[in-house]
Structure formats: structure tokens, C-alpha cells
Amino acid sequence: MSQQFGPEYVRAIAPYQAGKPIAEVAREFGLDEANIVKLASNENPFGVPASSQQAMAAAVADLGRYPDANGFDLKAALSKRYEVPADWITLGNGSNDILEIAAHAFVQTGQAVVYSQYSFAVYALATQGVGARAIVVPAREYGDDLDAMASAIDADTRLVFIANPNNPTGTFIPAAQIEAFLNKVPANVVVVLDEAYNEFLAPEHQFESAQWARKYPNLLVSRTFSKAYGLAGLRVGFAIAQPALTDLMNRIRQPFNVNSLAQAAAIAALNDKPFLEQGAKNNAAGYAQFVEAFDELGLQYVPSFGNFVLVKVGDDDGAGARVNLALLKQGVIVRPVGNYGLPQWLRISIGLPAENAIFIAALKKALA
């Protein structure tokens with residue numbers, strides 16, 4: 001019998017499955033990369049904003065030096081933008097890093113973490129990675145059932161993950177419901193409010209949860225520059241919480257986890273309002289484009305508040321994989337979500353109008 005290394009809870013982890021890269025699909029199906037449309041990873045179809053490109057060009061000259069380990073300038077920009085002290089901010093290598101740091105900082109092996117069915121896959125991975133016990137609460141209408149989640153918190157629970165909007169389903173929880181939930185959570189349980197898609201919310205749904213950190217010492221708000229800000233390849237995320245939480249997170253955070261170019265790009269993107277407005281306008285139009293097509297095809301979908309839509313493409317458990325393969329053969333990359341327990345569904349990122357049209361045409365052909 002061969003030697004087994006590491007704890008059993010690490011060996012039990014199924015590695016995160018990222019969306020297929022364009023180059024891989026081109027090789028696999030003999031396609032021209034230039035003609036492939038990727039709507040799989042909820043990336044910004046406009047790419048990196050010009051303001052960030054210019055900031056990175058200026059920062060290149062200093063790449064022989066280590067980045068600022070504490071991210072002073074980026075924290076200062078975030079502090080001003082969200083009106084919180086700089087020491088309330090933790091920087092992450094993307095918001096995934098923030099989620100992992102939170103699990104390591106607040107949960108011991110054997111303690112419990114609460115999250116919802118159909119919630120972001122990294123919650124399960126972060127829980128398994130520290131040998132914690134997962135309490136997975138059944139979803140309600142494909143989203144978080146906050147009353148049931150509050151009831152599921154037990155004496156050993158130390159962390160709760162809530163995504164708003166939720167990935168991969170796109171559901172949204174209004175501010176009043178989240179605040180009511182926070183009022184029920186024991187003071188020794190940290191609540192991570194994961195708002196990776198916050199900037200895509202319509203104005204009437206937006207609220208500044210960062211200010212709740214003043215009222216709730218056990219709240220940690222997580223945000224990212226990977227989606228609306230177009231910096232997915234640079235990996236910049238951040239958390240806002242009171243110092244009692246950020247101090248622990250910074251004790252185990254890797255000291256140079258956000259590189260120099262990423263810090264410069266994030267500072268520039270943070271208040272690039274024209275870029276954000278362009279993205280929000282495109283997202284709303286693309287969502288309408290998808291919904292019209294799904295209604296025409298008689299497909300069930302979950303109303304989405306993010307930059308993607310979850311759509312049911314068949315009634316049998318092989319439907320998602322089958323339609324996904326048919327789309328790949330046509331050069332369209334989307335996200336199958338069988339690993340979330342949704343084998344009949346696909347998650348489609350909203351792209352540019354022409355990309356959306358190519359997907360819709362390919363989907364009609366795949367379903368024919």
C-alpha cells in the first residue's frame with residue numbers, strides 16, 4: 001500500500017474547476033481562437049479599463065522591487081471610497097483569497113461553517129481546507145434561505161458565508177433581510193458577506209454594506225476587482241471589517257499577496273465611473289437579450305442580479321453536459337454547473353451584444 005500524505009480532509013477535496021480557456025477549446029476542437037466566444041467565467045467583456053492600463057505602464061519601471069506588502073496607497077483609496085479606516089481593510093489575491101484567509105483565521109478543525117446549497121464552490125473548498133464541518137442549508141428558490149441559515153447555526157459554528165448576488169444562481173437578498181439576519185447571528189460567529197457582483201446591481205437595489213461593519217463587529221464584507229472593474233487576470237480583492245477581524249486575517253495573509261501592477265490598476269479602476277457605467281449599461285442590455293431568447297425558446301431561467309444567467313437546457317441529468325459540448329463544438333464556451341448539483345443547467349456570462357447573439361444562435365442549434 002502506498003504512503004498517503006496529508007490529512008484526510010485535504011485528500012477529500014475535489015480541486016476547483018475553472019472555466020475552459022479559449023486556447024484549450026481551440027486545440028480540443030480544432031477551432032480558430034479568434035472566432036471563439038467565452039461566456040463562462042463572468043469576466044468583464046470590455047477587458048481592462050484604459051485608466052488601469054496607463055497606471056500599470058507607469059508602475060512597470062519599479063517591478064524590480066517587491067510590492068508594498070501593506071498596500072498603503074490602495075488601502076487609502078479604498079478607505080476614502082468606502083469611508084472606513086484603512087486598518088479595517090484586508091487585501092487579497094482576488095476575493096477567493098479573502099474567503100480562504102477568513103476560513104483559516106476564524107475556524108478550527110472540527111468547528112462548523114454554514115453556507116447555502118447552490119452557493120459559490122469556494123465556500124466548500126475553504127471549509128474542507130481547514131478540516132471544518134460544513135452545514136449546507138437547502139436553498140429557497142435557488143438562493144439563500146436566511147431564516148433556515150440562522151436556525152442552522154450551532155454551538156460549534158464560527159463562520160457563515162453569504163453571497164449577494166449569489167454565484168452561480170444570480171439571486172439577490174434585499175438589505176433589510178440581511179440586516180435582520182445579522183441581528184440573529186451570535187456575536188462569536190463571523191459572517192462573510194461576499195459581494196463580488198455588487199456593482200452590477202441596479203441603483204434601486206444597491207446599499208453600502210461596508211457601513212454595517214461599524215454596527216456589527218462580526219461582519220466581514222468581501223469585494224473584488226475581477227468582475228465589474230475588469231481586472232480578473234490581476235487578482236485583487238479586499239475585505240472590510242473591524243480591526244478585531246482584520247488583525248487576525250493580516251497575521252496569516254501572505255505579505256506580498258497583491259502585486260505592484262495589480263495595486264496600481266485597482267487604484268485607477270476604483271473610481272473610473274465611466275467604465276463602470278459602460279459595463280452596467282451593457283450588462284442590463286445583455287440580460288434583456290438573453291431573457292428574450294430564453295422566453296422564445298421556452299427555457300426556464302433564474303432571474304439574475306449579476307452579470308450572468310442560470311438557464312435550464314433540458315429535463316434529464318445529462319442535459320447540461322450535452323448542450324455544453326454542442327456549444328463548445330461551435331466555439332462557444334459557457335459554464336456547466338453539474339458540480340453545484342445543477343446538471344440540467346448552464347451558467348452564461350453576459351458578453352458584448354455580438355457575443356451574446358453568437359451564443360443565442362449556437363444555443364438554438366444545440367437544442368434543435
Side-chain angles (χ1 to χ4, degrees), residues 13-22 24-25 28 36-43 94-96 99 115-128 134 136-145 161-173 194 196-197 200 224 226-227 232 283 286-287 290-291 293-294 297-330 332-351 355-356 359-360 362-363 366-367:
I13 294 173
Y16 180 80
Q17 297 293 321
K20 276 182 173 286
I22 288 174
E24 181 182 333
V25 173
E28 187 175 346
I36 292 175
V37 170
K38 185 185 178 190
L39 301 175
S41 301
N42 304 341
E43 296 148 334
S95 59
N96 274 29
L99 306 177
Y115 53 88
S116 177
Q117 178 190 26
Y118 309 140
S119 60
F120 187 34
V122 171
Y123 304 160
L125 294 176
T127 300
Q128 287 178 280
V136 185
V137 179
R140 181 172 62 187
E141 296 179 350
Y142 299 98
D144 293 19
D145 184 340
F161 285 116
I162 296 173
N164 198 39
N166 182 55
N167 172 30
T169 62
T171 54
F172 172 70
I173 309 166
D194 179 4
Y197 299 92
F200 294 107
T224 184
S226 294
K227 309 302 181 185
N283 198 64
Y287 180 70
F290 279 178
V291 166
F294 297 154
L297 292 165
L299 299 178
Q300 179 185 350
Y301 57 89
V302 179
S304 178
F305 293 82
N307 66 335
F308 55 87
V309 187
L310 186 71
V311 60
K312 189 176 182 182
V313 292
D315 293 323
D316 63 282
D317 284 350
R322 184 174 60 250
V323 175
N324 179 60
L325 179 60
L327 291 170
L328 287 173
K329 290 178 177 177
Q330 297 179 72
V332 177
I333 311 172
V334 299
R335 189 63 182 267
V337 284
N339 61 317
Y340 284 92
L342 296 163
Q344 303 164 335
W345 300 71
L346 295 173
R347 190 194 69 191
I348 322 298
S349 304
I350 295 170
E355 295 174 323
N356 300 337
F359 157 70
I360 290 166
L363 178 64
L367 294 173

Worksheet item: Do you know the tightest heavy-atom contact between Phe161 and Thr127?
Response: CE1-OG1, 4.4 Å

Discussion item. Would Leu328 and Lys20 count as a side chain to side chain contact (heavy atoms under 4.5 Å, CB included) here? Give the steps.
Written reply: CA-CA 10 Å; Leu328 287 173; Lys20 276 182 173 286; 4.1 Å; yes

Practice prompt. Take Val136 and Tyr115, measure what side chain to side chain contact (heavy atoms under 4.5 Å, CB included) needs, and give me the verdict at the end.
Written response: CA-CA 5 Å; Val136 185; Tyr115 53 88; 3.6 Å; yes

Worksheet entry | Taking every non-hydrogen atom, the tightest pair across Ala319 and Val313 | O-CG2, 3.8 Å

Worksheet item: Out of curiosity, Asp194 CG to Ser119 OG, how far, rounded to the nearest 0.5 Å?
Response: 9.5 Å

Item to complete: Could you check whether the rings of Phe290 and Phe359 sit parallel, tilted or perpendicular, using 30° and 60° as the cut-offs?
Response: perpendicular

Practice prompt. For Lys312, look at atom NZ and say whether over 12 heavy atoms of other residues, nucleotides or ligands are found less than 6.0 Å away.
Written response: yes

Worksheet item: So do Leu342 and Arg347 actually touch side chain to side chain, heavy atoms under 4.5 Å?
Response: no

Practice prompt. With Trp345 as reference, evaluate Phe308, Tyr142, Phe294, Tyr118 under the ring-ring contact (aromatic ring centres under 6.0 Å, His included) test and give the passing residue.
Written response: Tyr142

Worksheet entry | Ile36 vs Ile333 side-chain heavy atoms within contact, under 4.5 Å | yes

Worksheet entry | Shortest non-hydrogen separation from Asp316 to Gln344 and the atoms involved | O-CG, 3.3 Å

Response to the item:
Taken to the nearest 0.5 Å, the spacing of Phe172 CZ from Asn164 CG works out to 5.0 Å

Worksheet item: Rounded to the nearest 0.5 Å, how far apart are CG of Leu39 and CG of Leu346?
Response: 11.5 Å

Worksheet, complete the sentence: Between the CZ atom in Arg335 and the CG atom in Asn42, the distance rounded to the nearest 0.5 Å is 8.5 Å

Practice prompt. Look up atom CG in Asn166 and atom CD1 in Ile173, then write down how far apart they are to the nearest 0.5 Å.
Written response: 7.5 Å

Fill in: Distance (rounded to the nearest 0.5 Å) between Lys227 NZ and Asn283 CG
12.0 Å

Item to complete: Would you name the heavy atoms of Ser116 and Gly143 that are closest together and state the gap between them?
Response: OG-O, 3.9 Å

Worksheet item: Between Tyr340 (side chain) and Ala121 (backbone), is there a donor-acceptor pair under 3.5 Å?
Response: yes

Discussion item. Does Leu367 form a side chain to side chain contact (heavy atoms under 4.5 Å, CB included) with Leu299? I'd like the steps, not just the answer.
Written reply: CA-CA 11 Å; Leu367 294 173; Leu299 299 178; 3.8 Å; yes

Fill in: Heavy-atom closest contact (Ser41 atom, Ser349 atom, distance)
N-OG, 3.4 Å

Item to complete: Just say parallel, tilted or perpendicular for the rings of Phe200 and Tyr197, cut-offs at 30° and 60°.
Response: tilted

Practice prompt. Grab the two heavy atoms, one from Ala366 and one from Val323, that are nearest each other, plus how far apart they are.
Written response: CB-CG1, 4.1 Å

